[in-house]
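Take a look at the structure set out below.
Computed from heavy atoms alone, side chains included, the values below leave out hydrogens, waters and symmetry copies. Labels below follow one simple rule: chain letters A, B, ... track the order of the sequence lines, proteins then strands, and each chain is numbered from 1.
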Amino acid sequence: MVLELQKRLGGAICAVLKQKYGLTVESVPLETPPDLRLGEIATPIALQLARTLRKAPKVIAQEIVTALGQVEGFAGFEVAGAGYINARLDRGAFVKDAAFPARRQKPAIFANVEHTSINPNKAAHIGHLRNAVLGDTWARLLKAESSSPDTVIVQNYIDNTGVQVADVVVGFLHLEKKTVAEVRQLVADCEKRAEASGRPADAIDYYCWDLYARTSQWYGEGTDKEKAARKQLRLDTLHAIEHGGNETAEIADLISTAVLKRHLETMLRLGIEYDFLPRESEILHLKFWDAAFAKLKESGVLYKETQGKNAGCWVMTRPGAETAEGEADEDAKVIVRSNGTVTYVGKDIAYHLWKFHLLEGCEFGDEVFYTYPDGRQCYRSIDNRSVDANGTPYGTGVPVHFKASGADYVFNVIDARQSDAQANVKEALRGMGYVTQADQLRHFTYEMVALTPRCAEELGYAISDEDKEKPYIEVSGRKGFGVKADDLIDKLIAAARAEVDARQAGRGEAERQRIAAQIAIGALRYFMLKVTRNSVIAFDFKDALSFEGETGPYIQYAVVRIRNILRKCEAAAEAVLTEFSALDKGCVARFLSGSENEDIWALWLRAGRRSLVLEQCIAGSEPAFLAKHAFQLAQEFNNFYHRHHILTEEDPERKKFLLATAAVVLRELLIALDWLGIEGPEAM
RNA sequence: GCGCCCGUAGCUCAGCUGGAUAGAGCGACUGACUACGAAUCAGUAGGCCGGGAGUUCGAAUCUCUCCGGGCGCACCA
């Protein structure tokens, strides 16, 4: 609504500038005036043109206003301040349209969003939650903005053959001296016990959390000789896992698969689902790397270093680096080690070539790994070449269902600490001549979640005096230092449940629990989304467990209030709006005029900003804008709720109008919440 | 040393491609429930927007510089 009007006004002003001054302007800056009394849309264009036109801004503004004349949807224009052009909307027309907004034309977006990507060797923690919530919300926003939601694919990359998994395997084999059979039994026991108790602490990912921390500590203990031996053990274990076909790899597979399943369950509690789980084991076994390596060598992106510290390695020049003539580039990024093994960035380059369909003959085999309650299926990569014994080309899996999306845009939701690595992948693509793809590869970066010293102490961790002085302390899976995702969710649900029990004594056990979960998830997701990406979240239970003020539950509460009102008049939102649209336009305009009704107009105006906010979110890659919008809409509704009593309104036409106001806000709140991945409860 | 991010009210954060009197939540203090359920609302106090210089008609926003904090810069991932 507001978006369409802004575009129309911008276009009209462009036409005026062209016709009157012969000026071609890329775009007209449009903004929201600080006060409704100044109008609804404003532009400082005349101020900007003052220099080129050599005229006073006010004169230009007046000339533009005169030339504009009548524009559909606008009541008029005026010049204000130093030379602003302020536009006033035709309120009656706006409100009528806002009740049943026309469908927008949208482009088809082909996108591949990679998020979560937790090493499958331990329980998910709050840092992973920020990643998953951001990524999931971003995918929802892309789907909302696309005419074809099915072309937005969500992937969760699984590093099932990396050092982190190797560390836990070392723990099982050398600290706990377990056999493959014993590990298999442990996985089964954990699953049984967790299902029976409902406690995440009984599950395998929690078990691994502790074992991983213990193993990491073990590496650093003992004599120098012992440390060296343990380091070697770690390397040997890693190689055995990468190679596959041995007992060590079997344990790695058992653990990474079981932990991955737990991650999917944890994320599902937050409404987060995935389409595809590409695994590193397939990148290796299906020879994606070999194909990528050939291309990298051929294009000259990789070269073999013959001198200096990287002698014997295949390396690539870092983005923006200046290479001195004849000298070895000591700063180059090693892609293939001197022992012939590939680094993480190398594997990532291969994976990204696949994402853009640039690895001829390379495709993942796949199978359904997890079926969600809503029927959606999550696939994982497999090496299923043996299924097709003859005729399968070398290096190609046999995809059963999932295919690469043919992405126009590839978004990697990865925290800011990996921006150098991401830049290297991008640079490799560019170096290979895939300039378009390099531009379409977007690092969706965000800052980490850390713990406040106070929070760390509450959790019982010993904090050094130095750390006590810091504003926040980095979470570390290696040290077992952090807040586990399931623990936090459980804590939130318990807190919400207490509030629900106090207010909803009449409702059944199951329903109260369901409402508590909705509120808990609303609180958690909003907590992660209200902060912009580039600010570090210093986690504190006090803030995270809050259900008041700028929180998810605040918005949900506005939804419940509106539903209660509609319930009392036994009317559905749709019906209320249909009845409203039959009202006379002049009558509606009357309800929107006068200072006592200014807040109602502001509410309609805010409700009409949905598509504008969505566009801003997409343009700025920033879901926080939507979170803020939803909160402001709820806040203005609560204000309205106190000032204008709907059910006791005596004027029947005004009552219809007020009801329609509530109904529109309900619809817009629910859409915004849905994009944020938050449910609107029926009661709370 | 180089690169990225941050510095706005006591605390946690917004501030859209520079624009009209710098905003919200929490906390503090005053008030409003025989209720469209107060997980709410109204009000008060609280800011040389880290310091300085520059560009501009105009700077919290752009440039430079300094100060303070965080994170990267592995033949780890």
Quiz prompt | Distance-only polar pair, side chains of Arg561(A) and Asn564(A), donor-acceptor under 3.5 Å | solution = no
Quiz item: When the P atoms of rU21(B) and rC33(B) are considered, how many whole Å apart are they?
Solution: 39 Å
Quiz prompt | ring centroid sep under 5.5 Å plus plane angle under 30, His645(A) with rC36(B) | solution = yes
Exercise. Between rG18(B) and rC57(B), how far apart are the P atoms? Round to whole Å, please.
Key: 16 Å
Exercise. Classify the side-chain pair Tyr351(A)/Glu280(A) by whether it contains a donor and acceptor separated by less than 3.5 Å.
Key: no
Exercise. Would you please enumerate the stems RNA chain B participates in, each stem being three or more consecutive Watson-Crick or G-U wobble pairs with both distances under 3.5 Å?
Key: B:1-7 with B:67-73, B:10-13 with B:23-26, B:28-32 with B:40-44, B:50-54 with B:62-66
Strictly under 3.5 Å: I want the nitrogen or oxygen pairs between protein and nucleotides 5-7 of chain B, one per line.
| unit_1 | atom_1 | unit_2 | atom_2 | d |
| --- | --- | --- | --- | --- |
| rC5(B) | O2' | Asn534(A) | O | 3.1 |
| rC6(B) | OP1 | Asn534(A) | ND2 | 3.1 |

Quiz item: Under 3.5 Å, is there a donor-acceptor pair linking the side chains of Tyr344(A) and Gln418(A)?
Solution: yes
Quiz item: Side-chain donor or acceptor of Asn564(A) under 3.5 Å from a matching atom on the base of rG37(B)?
Solution: yes
Practice problem: Could you measure between the two C1' atoms, the one in rG10(B) and the one in rG46(B), and give it in whole Å? | Solution: 8 Å
Report each atom pair, protein N/O against N/O of nucleotides 23-31 of chain B, whose distance is under 3.5 angstrom.
| unit_1 | atom_1 | unit_2 | atom_2 | d |
| --- | --- | --- | --- | --- |
| rA24(B) | O3' | Gln635(A) | NE2 | 3.3 |
| rG25(B) | OP1 | Gln635(A) | NE2 | 3.3 |
| rG25(B) | O2' | Glu550(A) | N | 3.3 |

Self-check item: Distance, P atom - from rC16(B) to rC71(B), rounded to whole angstrom
Solution: 27 Å
Exercise. In whole angstrom, give me the gap between the P atoms of rA42(B) and rG54(B).
Key: 43 Å
